[in-house]
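Below is one structure, written out as C-alpha coordinates, with a few remarks after it.
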Amino acid sequence: MPPSGYLSAAGVESCLQYLATTYPTFTQLYVLPEKSIEGRTIRALKIAKGSGTDRRAVLFIGGVHARELINPDTIASFALKMCQSYTSNTDLTFGGKTYTAGTIKMLIEGMDIFILPLVNPDGRVYVQSAGGDPWWRKNRNPNPGKPCKGIDLNRNYDFLWSSGIGTSADSCSDVFKGSGAFSEPETRNVRYMLDHFTNICCFMDIHSYSQLVLYPWGDDDNQTTDASMNFQNPVWNGLRGQPGNQYKEFIPSADLNRYVQVGTRIRDAIAAVRGRVYTLEQSIGLYPTTGTSEDYVYSRHFVDAGKRKVEGFTVETALEFQPPYSEALNVIAETTAGMIEFCITCLCLIQFTAGANAALTDELDGIRSFRDEVLMKSAAGRRYAELLDNHTAEVVELMGRDQKLVPRLMEMLQSVNEVTRTYRDKKPKAFDTKMVTAADKLLQGLASKGSARFKQNVEEVRRDLTHFRGRTAAKGLELASRNRKDPAKKETTKKPATKKATAKKASKKKPS
Ligand SMILES: [Zn+2]
(Lines give C-alpha, C1' and ligand atoms only; values in the text may rest on other atoms or scores of the structure.)
Protein backbone atom coordinates (compact mmCIF):
# COMPACT_ATOMS: atom_id res chain seq x y z
CA MET A 1 0.00 0.00 0.00
CA PRO A 2 1.20 3.53 -0.74
CA PRO A 3 1.92 5.91 2.16
CA SER A 4 -1.13 7.33 3.90
CA GLY A 5 -2.28 10.93 3.68
CA TYR A 6 -2.91 11.15 -0.05
CA LEU A 7 -6.43 11.88 -1.25
CA SER A 8 -8.41 8.95 -2.55
CA ALA A 9 -10.07 9.22 -5.96
CA ALA A 10 -13.34 9.93 -4.16
CA GLY A 11 -11.50 12.49 -2.03
CA VAL A 12 -10.33 14.41 -5.10
CA GLU A 13 -13.92 14.39 -6.30
CA SER A 14 -15.14 15.70 -2.90
CA CYS A 15 -12.63 18.55 -3.10
CA LEU A 16 -14.07 19.67 -6.42
CA GLN A 17 -17.62 19.46 -5.03
CA TYR A 18 -16.55 21.38 -1.92
CA LEU A 19 -14.96 24.17 -3.97
CA ALA A 20 -18.00 24.46 -6.23
CA THR A 21 -20.44 24.71 -3.33
CA THR A 22 -18.25 26.93 -1.13
CA TYR A 23 -17.33 29.43 -3.84
CA PRO A 24 -20.34 29.37 -6.18
CA THR A 25 -19.86 32.94 -7.45
CA PHE A 26 -16.54 32.29 -9.12
CA THR A 27 -16.21 28.55 -9.63
CA GLN A 28 -18.04 26.20 -11.93
CA LEU A 29 -18.06 22.41 -12.00
CA TYR A 30 -18.18 20.55 -15.31
CA VAL A 31 -19.03 16.89 -15.78
CA LEU A 32 -16.86 15.65 -18.62
CA PRO A 33 -18.65 13.87 -21.46
CA GLU A 34 -17.08 10.47 -20.88
CA LYS A 35 -16.92 8.27 -17.83
CA SER A 36 -13.76 6.32 -17.11
CA ILE A 37 -13.40 2.74 -18.36
CA GLU A 38 -14.80 1.48 -15.04
CA GLY A 39 -17.65 3.99 -15.13
CA ARG A 40 -16.44 6.76 -12.84
CA THR A 41 -17.64 10.30 -13.49
CA ILE A 42 -14.80 12.70 -14.23
CA ARG A 43 -15.13 16.39 -13.47
CA ALA A 44 -13.27 19.60 -14.14
CA LEU A 45 -13.55 22.91 -12.31
CA LYS A 46 -13.25 26.46 -13.59
CA ILE A 47 -12.08 29.24 -11.30
CA ALA A 48 -12.97 32.58 -12.83
CA LYS A 49 -14.76 35.73 -11.72
CA GLY A 50 -16.51 37.29 -14.66
CA SER A 51 -16.63 35.91 -18.16
CA GLY A 52 -15.95 36.81 -21.74
CA THR A 53 -14.77 34.92 -24.78
CA ASP A 54 -11.69 37.15 -24.97
CA ARG A 55 -10.22 35.90 -21.72
CA ARG A 56 -7.23 33.65 -21.90
CA ALA A 57 -7.51 30.31 -20.15
CA VAL A 58 -5.11 27.86 -18.59
CA LEU A 59 -5.73 24.13 -18.07
CA PHE A 60 -3.95 22.04 -15.44
CA ILE A 61 -4.31 18.27 -15.56
CA GLY A 62 -2.94 15.60 -13.24
CA GLY A 63 -3.34 12.03 -12.10
CA VAL A 64 -2.78 10.72 -15.63
CA HIS A 65 -0.33 8.10 -14.38
CA ALA A 66 -1.92 6.33 -11.44
CA ARG A 67 1.11 5.78 -9.21
CA GLU A 68 2.17 9.43 -9.35
CA LEU A 69 0.07 10.22 -6.31
CA ILE A 70 1.06 13.78 -5.39
CA ASN A 71 -0.25 15.76 -8.31
CA PRO A 72 -4.04 15.47 -7.94
CA ASP A 73 -3.55 16.56 -4.32
CA THR A 74 -1.42 19.47 -5.57
CA ILE A 75 -4.00 20.63 -8.09
CA ALA A 76 -6.81 20.41 -5.51
CA SER A 77 -4.68 22.33 -3.01
CA PHE A 78 -3.78 24.97 -5.62
CA ALA A 79 -7.48 25.52 -6.33
CA LEU A 80 -8.36 25.79 -2.65
CA LYS A 81 -5.54 28.25 -1.96
CA MET A 82 -6.55 30.44 -4.92
CA CYS A 83 -10.18 30.51 -3.77
CA GLN A 84 -9.25 31.26 -0.16
CA SER A 85 -6.87 34.05 -1.13
CA TYR A 86 -9.49 35.62 -3.38
CA THR A 87 -12.31 35.62 -0.81
CA SER A 88 -10.23 36.62 2.21
CA ASN A 89 -7.93 39.02 0.31
CA THR A 90 -4.80 37.42 1.74
CA ASP A 91 -1.37 36.84 0.22
CA LEU A 92 -0.22 33.31 -0.55
CA THR A 93 3.17 32.32 0.79
CA PHE A 94 5.01 29.11 -0.08
CA GLY A 95 8.32 28.96 1.74
CA GLY A 96 10.37 31.77 0.23
CA LYS A 97 7.84 32.71 -2.45
CA THR A 98 4.90 35.05 -1.91
CA TYR A 99 2.11 36.01 -4.30
CA THR A 100 0.10 39.02 -3.22
CA ALA A 101 -3.67 38.92 -2.86
CA GLY A 102 -3.74 41.56 -5.61
CA THR A 103 -1.96 39.23 -8.03
CA ILE A 104 -4.34 36.34 -7.28
CA LYS A 105 -7.27 38.72 -7.77
CA MET A 106 -5.96 39.75 -11.19
CA LEU A 107 -5.64 36.12 -12.22
CA ILE A 108 -9.12 35.11 -11.10
CA GLU A 109 -10.73 38.22 -12.56
CA GLY A 110 -8.62 38.34 -15.71
CA MET A 111 -8.55 34.74 -16.93
CA ASP A 112 -10.23 31.33 -16.77
CA ILE A 113 -8.36 28.74 -14.71
CA PHE A 114 -9.44 25.17 -15.46
CA ILE A 115 -8.37 22.18 -13.40
CA LEU A 116 -8.84 18.52 -14.25
CA PRO A 117 -7.02 17.07 -11.24
CA LEU A 118 -7.69 13.39 -11.80
CA VAL A 119 -7.72 12.26 -15.41
CA ASN A 120 -7.41 8.57 -14.48
CA PRO A 121 -9.55 7.79 -11.40
CA ASP A 122 -9.66 4.02 -12.06
CA GLY A 123 -5.89 3.80 -11.90
CA ARG A 124 -5.75 5.72 -8.62
CA VAL A 125 -8.38 3.48 -7.03
CA TYR A 126 -6.34 0.43 -8.05
CA VAL A 127 -3.06 1.91 -6.72
CA GLN A 128 -4.64 2.76 -3.37
CA SER A 129 -6.68 -0.41 -2.84
CA ALA A 130 -5.54 -3.29 -0.63
CA GLY A 131 -5.53 -5.85 -3.46
CA GLY A 132 -4.12 -3.41 -6.01
CA ASP A 133 -0.69 -2.58 -7.35
CA PRO A 134 0.88 0.55 -5.81
CA TRP A 135 3.09 0.95 -8.90
CA TRP A 136 0.32 0.81 -11.53
CA ARG A 137 0.77 3.51 -14.20
CA LYS A 138 -1.88 3.03 -16.88
CA ASN A 139 -5.68 3.24 -16.99
CA ARG A 140 -7.71 0.09 -16.26
CA ASN A 141 -8.91 -0.86 -19.74
CA PRO A 142 -9.30 -4.69 -19.66
CA ASN A 143 -8.00 -4.86 -23.25
CA PRO A 144 -10.25 -7.77 -24.34
CA GLY A 145 -8.35 -10.39 -26.29
CA LYS A 146 -4.98 -9.14 -25.10
CA PRO A 147 -2.80 -10.62 -22.33
CA CYS A 148 -2.57 -7.50 -20.10
CA LYS A 149 -4.67 -4.62 -18.85
CA GLY A 150 -4.29 -0.91 -19.20
CA ILE A 151 -3.19 1.77 -21.64
CA ASP A 152 -0.59 4.45 -21.01
CA LEU A 153 -2.78 7.52 -21.38
CA ASN A 154 0.21 9.75 -21.97
CA ARG A 155 1.05 7.76 -25.12
CA ASN A 156 -2.52 7.79 -26.41
CA TYR A 157 -2.82 11.36 -27.75
CA ASP A 158 -2.80 12.12 -31.44
CA PHE A 159 0.78 13.24 -31.95
CA LEU A 160 2.84 10.89 -34.14
CA TRP A 161 0.81 8.13 -32.51
CA SER A 162 1.47 5.70 -35.37
CA SER A 163 5.23 6.21 -35.26
CA GLY A 164 5.73 3.96 -32.26
CA ILE A 165 8.51 6.22 -30.94
CA GLY A 166 8.79 5.75 -27.18
CA THR A 167 5.61 3.66 -27.16
CA SER A 168 4.72 -0.01 -27.35
CA ALA A 169 2.05 -2.04 -29.13
CA ASP A 170 2.34 -4.72 -26.42
CA SER A 171 -0.51 -4.55 -23.90
CA CYS A 172 1.83 -5.72 -21.13
CA SER A 173 4.14 -2.75 -21.59
CA ASP A 174 3.94 0.25 -19.28
CA VAL A 175 3.96 2.45 -22.39
CA PHE A 176 1.26 0.55 -24.30
CA LYS A 177 -0.23 3.18 -26.61
CA GLY A 178 -3.66 1.56 -27.09
CA SER A 179 -5.55 0.51 -30.21
CA GLY A 180 -5.60 4.00 -31.75
CA ALA A 181 -5.01 7.63 -30.92
CA PHE A 182 -7.69 8.71 -28.46
CA SER A 183 -8.94 5.13 -28.06
CA GLU A 184 -9.46 5.89 -24.33
CA PRO A 185 -12.29 7.90 -22.75
CA GLU A 186 -9.83 9.51 -20.33
CA THR A 187 -7.74 11.10 -23.11
CA ARG A 188 -10.88 12.03 -25.05
CA ASN A 189 -11.97 14.05 -22.02
CA VAL A 190 -8.75 16.06 -22.19
CA ARG A 191 -9.31 16.65 -25.90
CA TYR A 192 -12.87 17.71 -25.11
CA MET A 193 -11.59 20.41 -22.75
CA LEU A 194 -9.45 21.90 -25.52
CA ASP A 195 -12.16 21.59 -28.18
CA HIS A 196 -14.90 22.96 -25.95
CA PHE A 197 -13.07 25.76 -24.13
CA THR A 198 -11.39 27.33 -27.11
CA ASN A 199 -9.86 30.10 -25.02
CA ILE A 200 -7.42 27.61 -23.44
CA CYS A 201 -3.97 28.69 -24.58
CA CYS A 202 -1.82 27.48 -21.69
CA PHE A 203 -1.62 23.87 -20.56
CA MET A 204 0.30 21.99 -17.91
CA ASP A 205 0.27 18.22 -17.34
CA ILE A 206 1.71 17.46 -13.90
CA HIS A 207 3.57 14.17 -13.44
CA SER A 208 6.19 12.63 -11.13
CA TYR A 209 9.06 12.28 -10.73
CA SER A 210 12.51 13.82 -11.59
CA GLN A 211 12.20 17.57 -10.83
CA LEU A 212 11.83 18.66 -14.43
CA VAL A 213 10.03 21.37 -16.38
CA LEU A 214 9.61 20.06 -19.93
CA TYR A 215 8.51 21.75 -23.15
CA PRO A 216 7.99 20.42 -26.73
CA TRP A 217 9.04 18.52 -28.66
CA GLY A 218 9.33 15.02 -27.31
CA ASP A 219 9.90 13.05 -30.52
CA ASP A 220 13.25 14.49 -31.62
CA ASP A 221 15.69 17.36 -31.11
CA ASN A 222 14.32 20.83 -31.88
CA GLN A 223 15.44 22.97 -34.81
CA THR A 224 14.25 26.45 -35.82
CA THR A 225 15.45 26.80 -39.40
CA ASP A 226 13.66 24.30 -41.67
CA ALA A 227 9.88 24.54 -41.34
CA SER A 228 9.36 21.67 -43.80
CA MET A 229 11.13 19.23 -41.50
CA ASN A 230 8.19 18.60 -39.23
CA PHE A 231 5.98 15.90 -37.76
CA GLN A 232 3.39 16.24 -40.53
CA ASN A 233 5.78 15.72 -43.42
CA PRO A 234 5.70 12.02 -44.47
CA VAL A 235 9.06 12.39 -46.25
CA TRP A 236 10.67 12.03 -42.81
CA ASN A 237 8.69 9.02 -41.62
CA GLY A 238 10.99 6.45 -40.07
CA LEU A 239 13.72 8.98 -39.34
CA ARG A 240 12.23 10.57 -36.24
CA GLY A 241 13.02 9.61 -32.69
CA GLN A 242 16.75 9.13 -33.22
CA PRO A 243 18.44 12.22 -31.80
CA GLY A 244 21.70 12.84 -33.58
CA ASN A 245 20.59 11.85 -37.09
CA GLN A 246 19.58 14.42 -39.71
CA TYR A 247 15.96 14.70 -38.62
CA LYS A 248 15.08 17.40 -36.11
CA GLU A 249 11.61 18.65 -35.25
CA PHE A 250 10.76 22.20 -36.34
CA ILE A 251 9.74 24.76 -33.74
CA PRO A 252 9.44 28.46 -34.63
CA SER A 253 12.21 30.35 -32.83
CA ALA A 254 9.74 32.81 -31.28
CA ASP A 255 7.87 29.86 -29.74
CA LEU A 256 11.07 28.28 -28.51
CA ASN A 257 12.14 31.57 -26.91
CA ARG A 258 8.75 31.86 -25.27
CA TYR A 259 8.94 28.28 -23.91
CA VAL A 260 12.36 28.93 -22.42
CA GLN A 261 11.26 32.22 -20.95
CA VAL A 262 8.03 30.90 -19.41
CA GLY A 263 9.73 27.68 -18.32
CA THR A 264 12.45 29.69 -16.58
CA ARG A 265 9.83 31.58 -14.60
CA ILE A 266 8.16 28.32 -13.57
CA ARG A 267 11.50 26.80 -12.57
CA ASP A 268 12.53 29.90 -10.60
CA ALA A 269 9.19 30.09 -8.78
CA ILE A 270 9.57 26.44 -7.72
CA ALA A 271 13.17 27.02 -6.62
CA ALA A 272 12.23 30.09 -4.56
CA VAL A 273 10.05 27.94 -2.26
CA ARG A 274 12.82 25.81 -0.74
CA GLY A 275 15.74 25.78 -3.10
CA ARG A 276 14.91 22.77 -5.25
CA VAL A 277 16.14 23.72 -8.72
CA TYR A 278 14.20 21.80 -11.35
CA THR A 279 15.83 21.24 -14.74
CA LEU A 280 14.22 23.11 -17.62
CA GLU A 281 14.63 21.22 -20.88
CA GLN A 282 13.07 19.99 -24.06
CA SER A 283 10.99 16.85 -23.44
CA ILE A 284 13.31 14.68 -25.43
CA GLY A 285 15.93 15.33 -22.75
CA LEU A 286 14.17 12.61 -20.76
CA TYR A 287 13.74 10.14 -23.65
CA PRO A 288 12.01 10.22 -27.06
CA THR A 289 8.22 10.12 -26.74
CA THR A 290 5.13 10.42 -28.91
CA GLY A 291 1.43 10.54 -28.13
CA THR A 292 1.96 12.78 -25.09
CA SER A 293 -0.40 15.52 -23.98
CA GLU A 294 2.16 18.32 -24.12
CA ASP A 295 3.14 17.70 -27.75
CA TYR A 296 -0.47 17.06 -28.73
CA VAL A 297 -1.81 20.34 -27.33
CA TYR A 298 0.99 22.33 -28.96
CA SER A 299 0.69 20.47 -32.29
CA ARG A 300 -3.02 21.22 -32.72
CA HIS A 301 -2.61 24.61 -34.38
CA PHE A 302 0.00 23.25 -36.82
CA VAL A 303 -2.42 20.52 -37.91
CA ASP A 304 -5.44 22.85 -38.06
CA ALA A 305 -4.67 26.55 -38.48
CA GLY A 306 -8.18 27.32 -37.22
CA LYS A 307 -7.22 26.09 -33.77
CA ARG A 308 -5.66 28.28 -31.14
CA LYS A 309 -2.01 27.90 -30.30
CA VAL A 310 -1.61 26.20 -26.92
CA GLU A 311 1.60 26.41 -24.92
CA GLY A 312 2.13 22.95 -23.42
CA PHE A 313 4.32 22.02 -20.48
CA THR A 314 4.91 18.79 -18.59
CA VAL A 315 6.21 19.14 -15.06
CA GLU A 316 7.78 16.15 -13.31
CA THR A 317 7.55 16.85 -9.59
CA ALA A 318 9.47 15.32 -6.67
CA LEU A 319 12.19 12.69 -6.44
CA GLU A 320 9.96 9.62 -6.11
CA PHE A 321 6.46 8.54 -7.05
CA GLN A 322 5.07 8.47 -3.52
CA PRO A 323 7.11 10.33 -0.92
CA PRO A 324 5.87 10.24 2.69
CA TYR A 325 3.06 12.74 3.00
CA SER A 326 5.16 15.15 5.09
CA GLU A 327 7.48 15.51 2.10
CA ALA A 328 4.56 15.52 -0.34
CA LEU A 329 3.36 18.71 1.38
CA ASN A 330 6.67 20.39 0.49
CA VAL A 331 6.33 19.27 -3.11
CA ILE A 332 2.74 20.53 -3.17
CA ALA A 333 3.92 23.95 -1.95
CA GLU A 334 6.64 24.32 -4.57
CA THR A 335 4.50 23.01 -7.43
CA THR A 336 1.68 25.40 -6.46
CA ALA A 337 4.10 28.33 -6.78
CA GLY A 338 5.08 27.06 -10.24
CA MET A 339 1.40 26.80 -11.22
CA ILE A 340 0.59 30.35 -10.10
CA GLU A 341 3.63 31.62 -11.98
CA PHE A 342 2.41 29.83 -15.11
CA CYS A 343 -1.00 31.53 -14.75
CA ILE A 344 0.71 34.93 -14.49
CA THR A 345 2.67 34.33 -17.70
CA CYS A 346 -0.57 33.30 -19.41
CA LEU A 347 -2.50 36.46 -18.55
CA CYS A 348 -2.78 39.04 -21.35
CA LEU A 349 -2.12 42.44 -19.86
CA ILE A 350 -3.93 44.44 -22.55
CA GLN A 351 -6.93 42.13 -22.48
CA PHE A 352 -7.02 42.20 -18.69
CA THR A 353 -6.74 45.98 -18.51
CA ALA A 354 -9.36 46.49 -21.22
CA GLY A 355 -11.61 43.79 -19.80
CA ALA A 356 -11.74 45.59 -16.46
CA ASN A 357 -13.10 48.69 -18.16
CA ALA A 358 -16.56 48.68 -19.74
CA ALA A 359 -15.59 51.47 -22.16
CA LEU A 360 -12.70 49.41 -23.51
CA THR A 361 -14.23 45.95 -23.62
CA ASP A 362 -15.90 46.66 -26.95
CA GLU A 363 -12.66 48.05 -28.32
CA LEU A 364 -10.68 44.81 -28.04
CA ASP A 365 -11.25 43.80 -31.66
CA GLY A 366 -10.11 47.23 -32.78
CA ILE A 367 -7.03 47.03 -30.56
CA ARG A 368 -6.23 43.65 -32.10
CA SER A 369 -6.54 44.88 -35.68
CA PHE A 370 -4.33 47.85 -34.87
CA ARG A 371 -1.77 45.44 -33.44
CA ASP A 372 -1.87 43.16 -36.51
CA GLU A 373 -2.15 45.82 -39.20
CA VAL A 374 0.08 48.58 -37.83
CA LEU A 375 2.08 47.69 -34.73
CA MET A 376 3.42 44.32 -35.85
CA LYS A 377 4.33 45.70 -39.28
CA SER A 378 7.03 47.96 -37.85
CA ALA A 379 10.33 46.96 -36.26
CA ALA A 380 9.73 49.21 -33.26
CA GLY A 381 6.18 47.90 -32.81
CA ARG A 382 7.34 44.29 -32.90
CA ARG A 383 9.94 45.14 -30.29
CA TYR A 384 7.31 46.77 -28.02
CA ALA A 385 5.10 43.69 -28.32
CA GLU A 386 8.06 41.46 -27.50
CA LEU A 387 8.97 43.54 -24.46
CA LEU A 388 5.37 43.52 -23.24
CA ASP A 389 5.34 39.73 -23.55
CA ASN A 390 8.68 39.38 -21.78
CA HIS A 391 7.66 41.54 -18.87
CA THR A 392 3.97 40.71 -18.44
CA ALA A 393 4.63 38.58 -15.37
CA GLU A 394 6.63 41.32 -13.71
CA VAL A 395 4.03 43.99 -14.47
CA VAL A 396 1.27 41.72 -13.17
CA GLU A 397 3.16 41.35 -9.89
CA LEU A 398 3.74 45.12 -9.69
CA MET A 399 0.03 45.70 -10.31
CA GLY A 400 -0.82 43.05 -7.74
CA ARG A 401 1.24 44.86 -5.14
CA ASP A 402 -0.05 48.31 -6.02
CA GLN A 403 -3.74 48.29 -6.94
CA LYS A 404 -3.60 51.98 -7.90
CA LEU A 405 -1.64 50.97 -10.98
CA VAL A 406 -4.65 49.19 -12.48
CA PRO A 407 -6.78 52.34 -13.04
CA ARG A 408 -3.72 54.28 -14.16
CA LEU A 409 -2.83 51.70 -16.80
CA MET A 410 -6.47 51.52 -17.82
CA GLU A 411 -6.58 55.28 -18.31
CA MET A 412 -3.40 55.16 -20.36
CA LEU A 413 -4.67 52.34 -22.55
CA GLN A 414 -7.89 54.28 -23.08
CA SER A 415 -6.13 57.45 -24.20
CA VAL A 416 -3.72 55.55 -26.45
CA ASN A 417 -6.67 53.74 -27.96
CA GLU A 418 -8.42 57.06 -28.68
CA VAL A 419 -5.55 57.74 -31.06
CA THR A 420 -4.78 54.29 -32.44
CA ARG A 421 -8.43 53.47 -33.16
CA THR A 422 -8.41 56.18 -35.86
CA TYR A 423 -5.60 54.53 -37.83
CA ARG A 424 -7.88 53.72 -40.74
CA ASP A 425 -9.33 57.25 -40.94
CA LYS A 426 -8.39 59.70 -43.66
CA LYS A 427 -6.97 61.98 -40.98
CA PRO A 428 -5.85 59.78 -38.11
CA LYS A 429 -5.47 61.44 -34.72
CA ALA A 430 -2.05 62.28 -33.29
CA PHE A 431 -0.67 61.79 -29.78
CA ASP A 432 -0.64 65.10 -27.96
CA THR A 433 2.36 66.10 -25.88
CA LYS A 434 0.47 65.84 -22.61
CA MET A 435 -0.36 62.19 -23.28
CA VAL A 436 3.20 61.27 -24.15
CA THR A 437 4.44 62.95 -21.00
CA ALA A 438 1.89 61.04 -18.93
CA ALA A 439 2.97 57.76 -20.53
CA ASP A 440 6.58 58.60 -19.82
CA LYS A 441 5.81 59.28 -16.16
CA LEU A 442 3.85 56.04 -15.79
CA LEU A 443 6.66 54.01 -17.37
CA GLN A 444 9.23 55.70 -15.18
CA GLY A 445 7.20 54.89 -12.08
CA LEU A 446 6.81 51.25 -13.12
CA ALA A 447 10.51 50.88 -13.87
CA SER A 448 11.54 52.28 -10.51
CA LYS A 449 9.91 49.29 -8.82
CA GLY A 450 11.05 46.64 -11.30
CA SER A 451 14.09 44.45 -11.91
CA ALA A 452 17.28 45.71 -13.52
CA ARG A 453 16.37 44.15 -16.86
CA PHE A 454 12.91 45.63 -16.73
CA LYS A 455 14.38 49.09 -16.02
CA GLN A 456 16.72 48.75 -18.96
CA ASN A 457 13.92 47.77 -21.33
CA VAL A 458 11.61 50.52 -20.10
CA GLU A 459 14.42 53.00 -20.77
CA GLU A 460 14.57 51.71 -24.32
CA VAL A 461 10.86 52.43 -24.81
CA ARG A 462 11.03 55.82 -23.08
CA ARG A 463 13.78 56.94 -25.47
CA ASP A 464 11.37 56.25 -28.35
CA LEU A 465 8.53 58.28 -26.91
CA THR A 466 9.81 61.51 -28.37
CA HIS A 467 8.98 60.20 -31.86
CA PHE A 468 5.32 60.04 -30.95
CA ARG A 469 4.86 63.61 -29.72
CA GLY A 470 2.34 65.31 -31.98
CA ARG A 471 2.43 62.41 -34.44
CA THR A 472 0.08 59.65 -35.49
CA ALA A 473 0.78 56.10 -34.32
CA ALA A 474 1.95 55.02 -37.78
CA LYS A 475 4.31 57.99 -38.16
CA GLY A 476 5.68 57.57 -34.63
CA LEU A 477 6.35 53.87 -35.25
CA GLU A 478 8.01 54.65 -38.55
CA LEU A 479 10.37 57.18 -36.96
CA ALA A 480 11.07 54.97 -33.96
CA SER A 481 11.86 52.02 -36.25
CA ARG A 482 14.16 54.13 -38.39
CA ASN A 483 16.13 55.25 -35.36
CA ARG A 484 16.52 51.80 -33.87
CA LYS A 485 19.80 50.00 -33.98
CA ASP A 486 18.84 46.99 -35.99
CA PRO A 487 21.58 44.37 -35.55
CA ALA A 488 20.66 42.73 -38.86
CA LYS A 489 21.11 46.04 -40.67
CA LYS A 490 24.41 46.75 -38.98
CA GLU A 491 25.87 43.63 -40.45
CA THR A 492 24.91 44.57 -43.97
CA THR A 493 26.63 47.94 -43.60
CA LYS A 494 29.91 46.09 -43.17
CA LYS A 495 29.61 44.72 -46.69
CA PRO A 496 30.87 47.04 -49.42
CA ALA A 497 27.85 49.18 -50.19
CA THR A 498 26.90 50.40 -53.63
CA LYS A 499 26.52 54.14 -54.10
CA LYS A 500 22.76 53.79 -54.28
CA ALA A 501 22.56 51.89 -51.00
CA THR A 502 24.81 54.39 -49.27
CA ALA A 503 22.67 57.25 -50.43
CA LYS A 504 19.56 55.48 -49.19
CA LYS A 505 21.16 54.87 -45.82
CA ALA A 506 22.22 58.48 -45.52
CA SER A 507 18.69 59.67 -46.08
CA LYS A 508 17.51 57.27 -43.39
CA LYS A 509 19.88 58.87 -40.94
CA LYS A 510 18.22 62.27 -41.28
CA PRO A 511 17.35 63.52 -37.82
CA SER A 512 13.65 63.39 -37.15
ZN1 LIG B 1 3.77 10.35 -15.48
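As the structure lists them, so they are numbered: ligands from 1, and atoms in each ligand from 1.
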Does the side chain of Asn457 come under 3.5 Å of the side chain of His391 through a donor N or O and an acceptor N or O? yes

Tyr18: ring pair (Phe, Tyr, Trp, His ring centres under 6.0 Å) partners, not counting sequence neighbours: none

Side-chain ion pair, Arg276 and Asp268, N-O less than 4.0 Å: no

Distance criterion under 2.8 Å: protein N/O/S atoms around the Zn ion (ligand 1): 4

NZ or CZ of Arg140 within 45° of Tyr126 ring axis and under 6.0 Å: yes

Can you list everything that forms a side-chain contact (heavy atoms from CB on, under 4.5 Å) with Arg188? Sequence neighbours excluded, please. Glu34, Phe182, Pro185, Arg191

If the condition is ring pair (Phe, Tyr, Trp, His ring centres under 6.0 Å), which residues does Phe176 pass it with, not counting sequence neighbours? none

